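Remember, it's a predicted structure, so these values are computed and weren't measured experimentally.
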Amino acid sequence: MSRYRGLRVFIPVLTFPLTALLCSAPSDLSAQESPLGRVVAGLEARELGPAIMGGRVADLDVVESNPAIWYVGLATGGVWRTANHGMSWTPLFDDQPCSSIGDVTLDQSNPNLIWVGTGEPQNRQSSPYGCGVFKSTDGGRTWAAMGLEDTRHVGRIRIHPHDPDIVYVAAVGHLWGPNEERGVFRTTDGGQTWEKVLYVDETTGAIDLVMDPGDPRTLLAATYQRRPTGFGFSAIGGGSGLWRTLDGGDTWTRSVDGLPAGDLG
């Protein structure tokens with residue numbers, strides 16, 4: 001009971017100064033000249049947005065030669081770096097045009113080379129979209145936009161282990177409608193130009209991509225057909241599936257054996 005008695009005493013004490021100001025303000029004075037007006041005039045507004053959920057970690061990558069260094073991408077919070085196993089963090093992406101991250105990938109042979117795909121790929125009505133892919137060659141201090149702006153949501157990036165100019169991007173595409181800039185993209189000149197090497201249809205994108213570490217010309221891609229609406233979303237479809245290439249993306253074969261029959265998601 002003492003706790004509640006304390007609250008009954010404490011609340012009026014807190015509210016007294018504001019109540020006194022309201023009651024003492026002369027009616028013929030402007031708001032700016034009143035005691036309350038003078039108090040409010042001294043307040044400063046602070047930004048509380050963006051008004052979307054940002055508590056999700058979309059991806060991270062660790063420097064294998066120095067595992068104290070991590071790079072983390074957040075759903076709405078940009079890219080962060082730690083050099084001490086997470087004891088402290090430095091933001092790296094605050095000056096870029098979008099803050100939603102889908103993938104962070106390091107070139108392990110040169111960890112200063114970092115690729116970031118923007119737009120988290122999760123199938124949620126609250127998933128914010130991005131503005132393409134970005135590259136840093138100085139450990140995240142500076143960034144260059146490398147295109148694919150209309151992919152909106154990037155699921156995965158893979159870098160050729162022996163030729164860093166060869167990069168693959170799995171792009172999910174628009175969340176709320178059809179578009180053709182989705183699927184798997186490949187660059188052989190460090191992002192100056194892109195080629196769409198795997199495309200299913202305008203509502204199916206690529207959400208994940210793995211590379212055979214012993215043969216980087218062999219890759220597996222997961223495609224994902226989805227279509228949210230204002231009242232729900234479809235998370236399965238005939239476009240979803242697994243695809244394999246043995247020639248670095250020139251040709252792809254859909255994997256069927258051993259997978260469930262019917263639409264996948």
Side-chain angles (χ1 to χ4, degrees), residues 48-62 70-82 86 89-106 114-136 140 143-159 167-185 191 194 198 200 202-210 221-230 232-237 239-240 264-265:
L48 296 177
I52 48 179
M53 291 176 286
R56 298 189 293 272
V57 174
D59 194 28
L60 65 88
D61 207 352
V62 178
W70 317 344
Y71 293 84
V72 175
L74 303 180
T76 62
V79 179
W80 295 71
R81 178 183 188 270
T82 178
W89 294 88
T90 301
L92 303 178
F93 217 69
D94 288 0
D95 295 333
Q96 303 312 309
C98 53
S99 61
S100 177
I101 306 300
D103 180 273
V104 180
T105 297
L106 308 177
I114 308 168
W115 281 85
V116 165
T118 62
E120 71 160 335
Q122 281 34 286
N123 191 16
R124 302 170 58 102
Q125 272 85 345
S126 61
S127 294
Y129 62 82
C131 52
V133 294
F134 292 76
K135 181 173 71 171
S136 174
W143 297 91
M146 305 310 296
L148 301 182
E149 294 90 347
D150 206 35
T151 57
R152 288 283 182 93
H153 301 269
V154 173
R156 192 70 65 204
I157 299 175
R158 296 298 179 194
I159 305 172
V167 178
Y168 298 85
V169 173
V172 192
H174 287 203
L175 179 63
W176 291 93
N179 78 309
E180 295 189 356
E181 193 164 315
R182 60 173 78 212
V184 177
F185 294 82
W194 294 94
L198 176 62
V200 177
E202 63 181 8
T203 61
T204 302
I207 195 168
D208 207 355
L209 188 66
V210 295
T223 57
Y224 185 22
Q225 182 173 344
R226 64 180 189 179
R227 176 62 72 85
T229 68
F233 57 80
S234 173
I236 63 172
S240 299
L264 303 175

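- Put simply, CZ on Arg227 and NE2 on His174 are 11.5 Å apart, with the number rounded to the nearest 0.5 Å.
- Each of Asp61, Val169, Leu106, Val104 was evaluated against Ile157; a single residue qualifies, Val169, per the side-chain contact (heavy atoms from CB on, under 4.5 Å) test.
- Scanning for side chain to side chain donor-acceptor pair (under 3.5 Å) contacts around Thr223 gives Trp243, with sequence neighbours left out.
- In plain terms, the two heavy atoms of Pro121 and Val172 that are nearest each other are CB-CG2, 3.8 Å.
- Residues passing the side chain to side chain donor-acceptor pair (under 3.5 Å) test with Ser240, sequence neighbours excluded: none.
- Between the OG atom of Ser127 and the CZ atom of Arg152 there is a distance of 13.0 Å, given to the nearest 0.5 Å.
- Under the salt bridge (Lys or Arg N to Asp or Glu O under 4.0 Å) criterion, Arg156 pairs with Asp59, Asp103, Asp208, not counting sequence neighbours.
- In this structure, Phe185 and Thr151 have side chains that are in contact, with non-hydrogen atoms separated by less than 4.5 Å.
- Of all non-hydrogen atoms in Glu181 and Asp150, the two that sit nearest each other are OE2-N, 3.2 Å.
- The minimum heavy-atom distance between Cys131 and Thr118, with the atom names listed, is N-OG1, 2.7 Å.
- With sequence neighbours excluded, the residues that form a side chain to side chain contact (heavy atoms under 4.5 Å, CB included) with Leu60 are Val62, Val72.
- Judged purely by atom type and a 3.5 angstrom limit, Trp143 uses its side chain to pair as donor or acceptor with the backbone of Leu92.
- In terms of modelled atom types and a separation under 3.5 Å, the side chain of Gln225 and the main chain of Gly239 share a donor-acceptor contact.
- Remark: Arg81 engages Tyr71 in a side chain to side chain donor-acceptor pair (under 3.5 Å) (not counting sequence neighbours).
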Do Leu175 and His153 pass the side chain to side chain contact (heavy atoms under 4.5 Å, CB included) test, and can you show the C-alpha distance, the side-chain angles, and the key distance before you say yes or no?
-> CA-CA 8 Å; Leu175 179 63; His153 301 269; 3.6 Å; yes
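- For Phe134, the ring pair (Phe, Tyr, Trp, His ring centres under 6.0 Å) criterion is met by Phe93, not counting sequence neighbours.
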